[in-house]
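As the structure is a prediction and not an experimental result, all values here were calculated from the model. Proteins get letters first, then strands, A, B, ... in listed order; numbering begins at 1 in each.
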Amino acid sequence: MKIYNTLTRKKEEFVPLEDGKVKIYVCGPTVYNYIHIGNARPLCVFDVLRRYLEYRGFDVTFVQNFTDIDDKIIIKANEEGVTSKEIAEKYIKEYKIDVEGLFVKEATIHPKATENIGEIIKFIKTLVDKGCAYESGGDVYFSTKSFDEYGKLSRQPLDDLELGARIDIDERKREPMDFALWKKAKEGEPFWNSPWSEGRPGWHIECSAMSRRYLGDTFDIHAGGQDLIFPHHENEIAQSECANGAPFARYWMHNGYINVDNIKMSKSAGNFFTVRDVAKTYGYEPIRYLMVTTHYRMPINYSIEVIEQCKASLQRIYTCRENLDFLLTNAKSKDEKQEQELKTKMAAHKDAFIKAMDDDLNTADGITAVFELVSDINRLINTDSSKELITFCADLLDELCAVFGLLQNRKKETVSDEVMALVEKRTKARQEKDWALADKIRDELYSMGVTLEDTPQGIKINQK
RNA sequence: GGCGACAUAGCCAAGCGGUAAGGCAAGGGUCUGCAAAACCCUUAUUCCCCAGUUCAAAUCUGGGUGUCGCCUCCA
């Protein structure tokens, strides 16, 4: 498999540190609000990465943190007159609802910053001892000048950064580009004891400390949004490589943004759609589909039209899958010889799928393979097919869709007696060629959310 | 000022030197009592523009144009 590595700006063959095992760290949310669909992109994309690696037989350890102490959380807590902890807990809960709706697998480990304060302090101590960080008025700052390779991920030369910097001149810092590892608490802010002051950790240090704790000094993949490249990921590299004296993440993957009217979606710009709201109208799955339909490094321009298209596209896959189930109930049980040929044809789509996904997770081509499989199924499968062939197709479709986390919402509802009675009444009317009555019953069922299809194999009942 | 991304049909979107995938939408047809679903056919002589390299360019090179992003919290 090839992965585009932001560190080298090239597609590289992915070789894990330890054979058959992959260690991944993805920056998680700061929990002070509902997530928007821009936040959902890395969640979905790197969940697909994880599922694909697992599909290819890797044992994946997936760590994603919660930033549950931060200026924004404190501000929100003050606004609402509750504690930071209450805000964090509330939005972790809401986050989990959305993530579950999106069928994102739960992380192997989901550490919280506030549960790793000791680890973080230990980490900062090491940096201070090594001369990479300094205390100043109760705060602790990382000295960017102490790390020669600072800027290697974002390819930003330090001097040029300072030239155009819009950062505040802070007298507590030696250099403008230095960043806080530990912040002394102001009046009324939550704090933990440390050798420097009563305070709280800075944002960047959390990820360095937690990734080391759960994945070690060096691990395979570190992922997140492109906006984290600088300064967040750059700072993580500086902290971790200074403290550990070992390379940090080996592959860096960054997803593109989701835009609205071509402008980046963000909470500060106010042009965002929450996952919750979009899901309310369209369901969660079209959001997930949207992420998969475009290559993860490309920008996506979100609009109502686009999400509606996603929903319609998804329906094609669902219909195919439901038709397979329906056909199964009418299938012949014997296997035809020519079916082996069909199976080979179907399986070729799996090869195309793997080829696409191996190429830096080309999900757009991957989903094309799924659609081509759907087309072949629609064309070749009918009531003369054997149970075995139909099952083979259904399993293959399920298998590929599962990597995307799609086709996970298939309902197995039973048809109510009321509906059944109406269907039977309509069948009788049709036998008597009383089309007016038959259509009236069909309309009635439609208003109940039930659509009927008269197929050569019998009546297919679809319930909404 | 520094660094970077993107531009392909009505919409979305692949393509990475060999003559434009796939999905949505639209139109026509087959099937159907009518539908639905499905299938078949149609919809970019051309990939922002201009040069260049090549037998061959959407793809490579150079130069433009437009849009966006990072350098401040941000996925």
Given the side-chain rings of A:Phe404 and A:Phe353, with only the six-membered ring counted for Trp, is the space between their centroids under 6.0 Å? yes

A:Asn262 side chain near B:C6 phosphate (N/O to OP1/OP2, under 4.0 Å): no

Picking from B:G22, B:C73, B:G23, the nucleotide nearest the side-chain atoms of A:Tyr289 would be B:G23

Using a 6.0 Å distance limit plus a 45 degree cone around the ring axis, check whether A:Lys264 lies over the aromatic ring of A:Tyr257. yes

Using OP1 and OP2 only, check whether a side-chain N or O of A:Lys264 sits under 4.0 Å from B:C70. yes

What's the closest nucleotide to the A:Arg379 side chain, out of B:C40, B:C73, B:C3? B:C40

Given B:A75, B:C6, B:G22, identify the nucleotide with an atom nearest to the side chain of A:Glu372. B:G22

With centres under 5.5 Å and planes under 30° as the test, does A:Phe371 stack with B:G22? no

Indicate, with a heavy-atom threshold strictly under 4.0 Å, whether A:Leu228 touches base, sugar-phosphate, or nothing. sugar-phosphate

With respect to the side chain of A:Ile263, which nucleotide from B:C68, B:G22, B:G23 is positioned closest? B:C68

Taking the side chain of A:Ile258 as its heavy atoms from C-beta onward, which of B:A75, B:A25, B:A37 lies nearest to it? B:A75

So if I take every side-chain heavy atom of A:Ser313 and compare against B:C6, B:G22, B:C24, which nucleotide ends up nearest? B:C24

A:Asn362 has its side chain closest, among B:A14, B:C12, B:C70, to B:A14

Determine, stepwise, if the pair A:Arg430 / A:Asp434 fulfils salt bridge (Lys or Arg N to Asp or Glu O under 4.0 Å). CA-CA 6 Å; A:Arg430 291 184 72 221; A:Asp434 185 351; over 6 Å; no

Go through the N and O atoms of the side chain of A:Gln309 and the base of B:C11, and report whether any donor-acceptor pair is under 3.5 Å. yes

Check whether any side-chain nitrogen or oxygen of A:Asn378 sits under 4.0 Å from OP1 or OP2 of B:C39, and answer yes or no. yes

Taking for A:Gly28 and for A:Tyr4 the nucleotide of RNA chain B with the nearest heavy atom, the one nearer the 5' end belongs to A:Tyr4

Out of B:G33, B:A75, B:C6, which has the shortest distance to the side chain of A:Met298? B:C6

Could you tell me whether A:Asp365 and A:Lys355 have a side-chain N and a carboxylate O separated by less than 4.0 Å? no

Rounded to whole Å, CD1 of A:Ile461 lies from P of B:A36 at a distance of 19 Å

Nearest-nucleotide check on RNA chain B, A:Asn259 vs A:Gly224; residue mapping nearer the 5' end is A:Asn259

Would A:Lys387 count as a cation-pi partner of A:Phe392, with NZ or CZ less than 6.0 Å from the six-membered ring centre and within 45° of the ring normal? no

Can a side chain N or O of A:Arg316 be found less than 4.0 Å away from OP1 or OP2 on B:C39? yes

